[in-house]
Amino acid sequence: MRREDEDRYREFVVAQAAPLRRCAYLFCGDWHFAEDLMQTALVKIYRAWPKVVRQEITGSYARKVLLRTWLDEKRRPWRRSEIGQADLPERSDTTIEPEAAAERSWARDVVHRALLQVPPRQRAVLVLRYFDDLSVAETAEAMGCSEGTVKSQAARGLANLRVAISRPAAVGGQPVRRRVAS
Amino acid sequence: VIERELRDGLLAAVSDEPPLSFDSDALVARARRDTRRRRSLVGVGVATVAIAIAAVAVPTVLHVGPGSGTGRQAVAAANQLTSVPATTDSGPSTTGGPATPPPTSTGRADLVWPPANTRRTVYSPAEMASLTKSWTKRLDEVFSQVIGTMASTFVVQAWSVRGPSDTVGTQQAQTYVPYFFKGQSYAVHLELTAPGTAVAGPGACRVTDGCKVHAASGGAVVTVQESSVGKGMLVCTVTDYRADGSKVTVTGYNWDPTSPAMPELPVGDPPGVSQLTTLAADPKLSF
C-alpha cells in the first residue's frame, strides 16, 4: 500500500474505531467481542483500502464489513449460546444522579436486552437505521439487500422488539437463556 | 416501542462504553501481516493447482505426441480426414507430388508410412477388374504350392471406398481362398491395397497386441501378428508393406472362417508364418 493511502487508513481507523465498536456492541451485546469484531473488520478493510478510497465508500463499506464479520462469527460453533445461571452483581455508579441512573439503567437494560432477543438481521437493520442513522438505501447497501427488504425487516424487528420488551422474563432479572457474544 | 425511544435506548446502551485501548500502529502491523499471510496462502494454492494441472496435462500432451500409441491413432484419424486432390477416373494416373495421406512418423525411419516416394495411383473399374483376374490366376498357380490344395474356386473382388472429402478413397481387392489340409477345410484371407491408399502403416503394429515388425528386402516391412480370438481359435496375419506404398495382407486361421458353422474343437493347425509371408511377398500379387 502506498504511504499516503496508509496515512489515510490510519486517519480512518482513528476516526471510526469507536463508532464501529459501539455498533458492534449493539450487534453482539459484549464489549470485548465488539472490540474483536471492530479490529477484524478494520483489518479486512485494510486489504481493500485502495479500492475503497478510490470509490469513496468508506463509511458504508465499514458498516458492511462489520456486519459481515459479525454474522460470520455467529456461525462459528464456539460462538453458540450458553445458559446463564446467575446474574452478575450490580455495581454502583457514583458519577450520575440516582434518578438519572435508574432511567438510564432501565433504557439500557430493557431496550438493549430486548434487542438481543431480536433475530440477527432484524437487529442489524434496527441498529443501522436507528443508531447509525443510515438511510434505507445506505442500510440496504450495507446489508447487501433491497430497500424493500430493509423496510420489512425494520418493521418486523420493531414488532419483535415490542414483544421482547413485553416479556418480563426476557428482560428481567431471572435466569434466562442469554446469548453470550451473540 | 416508538422510534425515538429506541434511539434513546440504543444511545443509553452504549453510554457506559469502556475506554478504547486501541493502538492503530498495532492494527496496521497486524493488517500487513495478515495481508502477507493471505497472499502467501493464495500463492501456495495457485501453485498447487498449477502443479496438479501440469501433472495431469503434461503426460497427456506428451502421450499424444508423434510416436506414441495414442499419437499414431490421432495421426491415423487425421489422415482419414485428409483431403485428396481431385483426380480423373478415366485411367491409371499418378499424382505429381508425394502420396497422401502424409507420412506417419513412428520414430523409426523404416516405419514411416506411406514411404516418401509413394505415388498414389488411381485405377478405373475396368483396370481393377483386369488386375483381379491376374491375381486370381496367380493365386491358382502358387496357392497349392505354398499353402495347400484349394477346395473350390474363388474370385478376387475389388472395390473402392471413398471418404467424405476423398475423391479416390481406398482401393482394395480381397478374397478368401478355401483349402483342405489333412482332410479338414480351412481358408486364407488375402487383401491387396493400392499404393498410397492404406491409412494404417507398420507403425500401428504393437508388441502388446502380439505384433512384430520385420524388415524385408527391397525396403519393404513385414509385420506378423498372432492372436487368439476364442478358445483355441488362432489367427495369424502377415502384412507386407511394400516400398511403392501398397500393402498385401494374408491372414491364416486354424479353422474355416468361410463356413457358417462354428469350428469343432479341437481345431486344426493354422498355416505357418513362413507360408503366409511367402504368399504376402509374392511379387506378382501387386498393383
Check your understanding: Can you tell me how far CG of B:Leu20 sits from CH2 of A:Trp31, rounded to the nearest 0.5 angstrom?
Key ->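 It comes to 9.5 Å.
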Review point. Between CE of A:Met38 and CG of B:Leu27, what distance do you get to the nearest 0.5 Å?
Key: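 Reported value, rounded in 0.5 Å steps: 8.0 Å.
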Review point. Quick one: CG on B:Asp34 to OG1 on A:Thr40, what's the gap to the nearest 0.5 Å?
Key: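 Answer for the CG-OG1 pair, B:Asp34 versus A:Thr40, is 9.0 Å.
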Exercise for review: Could I get the full list of disulfide bond (SG atoms under 2.5 Å apart) partners for B:Cys236, not counting sequence neighbours?
Suggested key: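 Checked B:Cys236 against disulfide bond (SG atoms under 2.5 Å apart); zero matches.
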Practice item. Pick whichever of A:Ala18, A:Ala34, A:Ala159 has the most heavy-atom pairs under 4.5 Å with chain B. Key: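 Top option by heavy-atom pairs under 4.5 Å: A:Ala18.
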Point to revise | Top of B:Arg32, B:Arg30, B:Glu17 for chain A proximity - count of heavy-atom pairs under 4.5 angstrom | key: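 Among B:Arg32, B:Arg30, B:Glu17, the one with the most close pairs to chain A is B:Glu17.
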Check your understanding: Can you say whether B:Arg38 sits under 4.5 Å from chain A via the side chain, the backbone, both, or neither, judging by heavy atoms?
Key ->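 Side chain only.
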Practice item. Check each atom of A:Arg21 against the heavy atoms of chain B and say whether the ones under 4.5 Å are side chain, backbone, both or neither. Key: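 The answer is the side chain of A:Arg21.
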Check your understanding: Are B:Arg7 and A:Asp133 close enough, and set up right, to give a side-chain contact (heavy atoms from CB on, under 4.5 Å), and what steps lead you there?
Key -> CA-CA 9 Å; B:Arg7 287 181 204 276; A:Asp133 279 330; 2.4 Å; yes
Check your understanding: Side chain, backbone, both or neither: which part of A:Leu115 has a non-hydrogen atom closer than 4.5 Å to chain B?
Key ->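 Only the side chain of A:Leu115 comes within 4.5 Å of chain B.
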Check your understanding: Going by an N to O cut-off under 4.0 Å, is there a salt bridge joining B:Asp25 and A:Arg10?
Key ->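 A:Arg10 and B:Asp25: salt-bridged.
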Review point. Using non-hydrogen atoms only, which part of A:Tyr46 is less than 4.5 Å away from chain B: side chain, backbone, both, or neither?
Key: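 Side chain only.
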Exercise for review: Evaluate the side-chain contact (heavy atoms from CB on, under 4.5 Å) criterion for residues A:Phe131 and B:Val14: first the C-alpha distance (whole Å), next the side-chain angles of each, then the deciding distance (0.1 Å), finally the verdict.
Suggested key: CA-CA 10 Å; A:Phe131 179 73; B:Val14 296; 3.8 Å; yes
Exercise for review: Could you tell me which non-hydrogen atom of B:Leu10 sits nearest to which non-hydrogen atom of A:Leu126, and how far apart they are?
Suggested key: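 Nearest pair, atom of B:Leu10 first, then A:Leu126: CD1-O, 4.2 Å.
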Review point. How long is the span from the NE2 atom in A:His112 to the CG atom in B:Leu11, to the nearest 0.5 Å?
Key: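 That separation rounds to 12.0 Å.
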